[in-house]
Amino acid sequence: MLKEGKIGLAEAVSITTLLIITKIFYSSTAVVVKKTGTAAWYMTIISFLTSMLLFTLVYILMKRFPGKNIIEIFQIVLGRFIGKSLGLGFSAFILYYSAMSLREFLELLKAYVLPYTPPSLIFASFICVTILLAYLGFEVIARVSYISIYPVLIGLGILLILASTYYKVDNIKPFFGYGLNTTMYNGVMRSSAYAEVMLLAVAMNTLKDTKTFKKAGYISLVFGGAFFSICLLLYVMAFSYTIGSENLSGMFQLSRIIYLSRFVQRVESLFLFIWVISSVVTVSISFYMSMATYCKVFDIPSQKPLVYVFGILLFTLAILPKNLSEVIEIHMIVIRQYSGIWVFGGPIIVLLISLLLRKKGGSIKDEKI
Amino acid sequence: MQKKSSIHNLFSLISYKEKKEINDFYIPEINEEDKHVQNNSKQSSIKSETTNLSVDADDNNISTIMQANIEYLFKKFNYPVNKDFVMREFLVAGKYKAFIAYIDGMVDRVTINNFILRPLLNFTNLPDMGNDSQLDFLLKNVLETNQAEKVTKPADIVYGILSGNTCLYVDGCSYYLSCETKGFEKRGVETPQTEGLVRGPQEAFNENLRTNVTLIRRLIKDTNLTTEFVKVGKRTNVQCAVVYINGIINPAIVQEVKRRLTGISADLVMGDGMLEQFIEDSSYTVVPTILSTERPDRTASHLLEGRIAIIVDGTPFALIAPVTLHSFMHTPEETFFKWPVGSLIRLIRIFAVFVAALLPALYIGMVGYHTEMIPTDLMIAIISAKENVPFPTVLEVLLMELSFELIREAGVRIPGLIGNTLGIIGALILGQAAVQANIVSPVLIIIVAVTGLGNFAIPNFSVAFAVRIIRFAFIFGAALLGFYGIGLVLVAVIALLSNMKSFGVPFLSITAPKTSTSGDLIFKKPVWKQEKRPDNINPLDVRRQPNISRKWAQEDAESEERKNIDDGRRDEDA
């Protein structure tokens, strides 16, 4: 059994919230605006509602097996072989997610800040810190994410306020964007952007009980949804949907245009801090989760000997895509648009099977015996 | 066979070995207490102590023959080579052979002459009542010292003599009498050297353990204030006082501190600095996990919050555990000022930490990587000042930092007044000369000076040192990767800090993991609103004061209400 320690509600919420909202720094903003135009800000609310629904289904599954994490539930319902294979698939997917987040971060960093630095150096330094965090364990990652969520949110708030000189309400017209159909379709598909909340199901053992799981999940979803909606709304108001769909990193571009006086201008480098901190923590969480899933599948008691091997895997995966367009057009579409089918779909199928087979975990007391 | 084992060793270097499971110490919640105590403590069996009448004196037995005991003590104290050891033989009441033994310099001669020797020699009517009872009689009727006790173990009497007591033995007895005669030279209670305050008490600990404990007891006049003594160090045999308030502190902490103290098996444990290294949780961190203070009032306030203090004989400091990073940022000053002032002082200190750790790194990153964020005018100023300097910025910074550290170190070592002068003159002249010689740019002098100021504003000396070390990590991060590098180092530092523990308490707790605060973390609440003790150390008594601690305010409100009602009635009547 992997020793992970215990985390509280606040830390659990900050982990998932940070995972969800970090996307706003990446290409996600522009892609959404490109797909749904001026309707982007309420499209994300549709995604949020969809993911709430899907998360509720997962919660029902978790409630049937109190005290068990999702990997154990897979094994209980589907048998050891299929359960473990599914768990392994999850581990591989989370690693892939982690690597692609890293790659996207690198591409944007190269484009905006460090054009002459070799990518391998950026990768290596980033992965060193990631390995350190993963080595120290889940409790430490949870604490770091709880501490770093404050500067990230406060920094973003300041950014949005400083850029307020550019907001024009007319920019969000026409209200229906490219039509309700497109908005609805994209809204449902982009619920994958909230699929990070499923990591709570993997880390179930570190939470106090299923109630905390439910609370943490809902709070971070609501938080993420509101956050995305506000950010997208203000982004479209600042750039309009035409230019807005062309920026590489929406929020970073927004910080670049800030001009208050001759002294307060081009302050994007300060926002680089929150961007780096949130990215490192996000990649570290997913990197750790990938290892944790692997450990849970094979009953490995500690993730520590795995960190170096997984670190190399992360590096290799991250360096695979040929260029930025491959990252954005293939991998990010897979992760932010279709991954939900797999991440939410898997557990929901398992829920259906467990309902059909009437499999149910006992109370926590029984399990302990 | 040899070959096989070397291959085996080689493989063992790279293969994964499951670590031996170590039971992490943690402070249990109050209801968990009983279970934890059972687990943590080893059942100690109390041996019944019996005194044997014996002729030979050795480490286990006290002889009933005086000569044997004298020889034993001579051997123990390496007499006559060792000139510190003094033994005087005499006759009690003119007929019973006896001796006293002590170490010259550790004792008060007046006490020995007037209140031990004189009564014993002048006393004449000693009744004949069996050997052991005679000493009892002497203890009760003749000796005039305030503390005197029977000692039945040779090791105890040796330790007593070493710590300044006088040993009395009368022929035929099976035990010694240990009379308290400590009288070595010591410093008086003076003002604090490193933790000075504008407002508040101006007393500091000194090197005498008894004085130090008394200073605390004077502040907390509570029967539950408990002092236990533990001997540490095989040869130094230093006395450590473990001070806590029974009923507030979680008993697991006391047990753990005593376990760690008694578990030290080292020759030399001298002072609080060494003891700290022997008992701290993580030795490989730059930030301390035990708070060292020279102020009795600060120690008292920590005791009242449910922490423990360890005072080592011979040092004017108390060690306080378990602590978190926040405790290192506090001084008693804030408590003595009103809450807005206190909060402001703390904010300035936190700002100082950031300046001390990050400013040079930010400068390097800004000049080297993120020039666009510097306004053009300022940029031109920086560039024109830097034009004649042949070194890269990072080298300039390292050069200046190094000289700054040199000045500081030299200032500490040079005696007295010259030290201060050297600091100021050295910094001024060196900086000015360096700028004129085009070795560094003038902007950098400002940066390094402000960084130095920030470092001095950190209230704890050990933390200030740690920040100095961490600063270099940030400088290298910035030189290599700009703000991105600083961001990475920042996350790594936060991760390492949150991994640290102080006696089982996470070092960043209250913030992460989040626990309820006592209203005294960064922003201070008014003192009457600080109702609870910090939750992260699981004190037995959580509440510090009732919800309404200012009863007079309630009385005022009630009388106001009554007055209003009376006024209302009067109006109605009218």
Side-chain angles (χ1 to χ4, degrees), chain A residues 3 5-11 14 105 109 113-114 116-117 121-122 125-126 128-130 132-137 139-151 256 261-281 284 300-302 304-306, chain B residues 14-19 21-22 24 26 282 325 354 358 361-362 365-379 473 476-478 480-501 506-516 535-536:
Chain A
K3 271 189 185 166
K6 286 276 170 202
I7 62 169
L9 178 67
E11 282 111 314
S14 60
F105 171 74
L109 196 73
V113 188
L114 299 170
Y116 307 115
T117 314
L121 178 64
I122 297 178
S125 51
F126 195 101
C128 278
V129 180
T130 308
L132 173 74
L133 259 78
Y135 183 84
L136 294 178
E139 270 185 339
V140 169
I141 294 179
R143 286 171 199 163
V144 173
S145 54
Y146 181 71
I147 292 171
S148 48
I149 199 153
Y150 286 106
R256 269 190 137 181
S261 67
R262 222 167 60 179
F263 200 78
V264 186
Q265 45 114 19
R266 297 293 305 270
V267 285
E268 77 260 22
S269 302
L270 288 179
F271 292 106
L272 185 64
F273 279 115
I274 55 172
W275 193 26
V276 173
I277 290 171
S278 62
S279 300
V280 174
V281 178
S284 303
I300 301 169
S302 166
K304 285 182 181 176
L306 289 178
Chain B
I14 50 169
S15 59
Y16 172 67
K17 288 182 284 296
E18 197 152 323
K19 271 192 185 163
E21 212 156 281
I22 301 165
D24 273 349
Y26 69 99
S282 23
L325 185 62
F354 277 98
L358 286 171
L362 286 176
M366 217 151 82
V367 174
Y369 290 87
H370 311 284
T371 40
E372 75 280 348
M373 69 177 292
I374 309 173
T376 323
D377 302 345
L378 188 63
M379 188 71 201
F476 286 118
L480 197 66
L481 290 162
F483 282 7
Y484 167 62
I486 300 177
L488 288 182
V489 179
L490 199 63
V491 176
V493 168
I494 295 173
L496 288 171
L497 281 178
S498 23
N499 189 41
M500 282 163 56
K501 277 184 177 174
F507 196 56
L508 296 184
S509 59
I510 296 187
T511 308
K514 191 169 178 281
T515 56
S516 68
D535 189 33
N536 57 344

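The chains referred to below are lettered A, B, ... by the order of the sequence lines, with proteins before strands, and numbering in each begins at 1. As a basis for the values below, the full set of heavy atoms in this structure was taken, side chains included, without hydrogen atoms, waters or symmetry mates.
Distance check, rounded to the nearest 0.5 Å: OH of B:Y484 to CZ of A:F105 gives 5.0 Å. Between A:I277 atom CD1 and B:L490 atom CG the span is 5.0 Å, to the nearest 0.5 Å. The OH atom of B:Y369 lies 7.0 Å from the CG atom of A:L114; values are rounded to the nearest 0.5 Å. The line from CD of A:E139 to OG of B:S498 is 10.5 Å long, rounded to the nearest 0.5 Å. To the nearest 0.5 angstrom, B:L481 atom CG is 4.5 Å from A:S125 atom OG. Taking NZ from B:K514 and CD1 from A:I7, the interatomic distance works out to 14.0 Å, rounded to the nearest 0.5 Å.
For A:F126, the parts sitting under 4.5 Å from any heavy atom of chain B are the backbone and the side chain alike. Within the 4.5 angstrom heavy-atom criterion, only side-chain atoms of B:L508, from C-beta onward, approach chain A. Using a 4.5 Å cut-off between heavy atoms, A:I274 makes no contact with chain B at all. For A:E11, the part lying under 4.5 angstrom from a heavy atom of chain B is the side chain only.
Most heavy-atom pairs under 4.5 Å with chain B, from the set A:T130, A:I122, A:I141: that is A:I122. No other option in B:T376, B:L362, B:D377 has as many heavy-atom pairs under 4.5 Å with chain A as B:D377. Listed options A:V267, A:L9, A:V281, A:V129 were ranked by heavy-atom pairs under 4.5 angstrom with chain B; first place goes to A:V129.
In terms of the side-chain contact (heavy atoms from CB on, under 4.5 Å) criterion, residue partners of A:L132 (sequence neighbours excluded) are, by chain and number, A:L136, B:A492, B:L496.
For the residue pair A:Q265 and B:I374, the shortest heavy atom distance occurs at NE2-O, 4.4 Å. The two residues A:S269 and B:M373 come nearest to each other via the heavy atoms CB-SD, 3.5 Å. Closest heavy-atom contact between B:P513 and A:R143: CD-NE, 3.1 Å. Across all their heavy atoms, A:V144 and B:A495 have their closest contact at CG2-CA, 3.5 Å.
Applying the salt bridge (Lys or Arg N to Asp or Glu O under 4.0 Å) rule to pairs touching residues 263-281 of chain A yields A:R256-A:E268, A:R266-A:E268, sequence neighbours excluded.
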Could you walk me through whether B:I486 and A:F273 satisfy the side chain to side chain contact (heavy atoms under 4.5 Å, CB included) test, starting with their C-alpha distance in whole Å, then the side-chain angles of each, then the deciding distance to 0.1 Å, before giving a yes or no? CA-CA 8 Å; B:I486 300 177; A:F273 279 115; 3.6 Å; yes
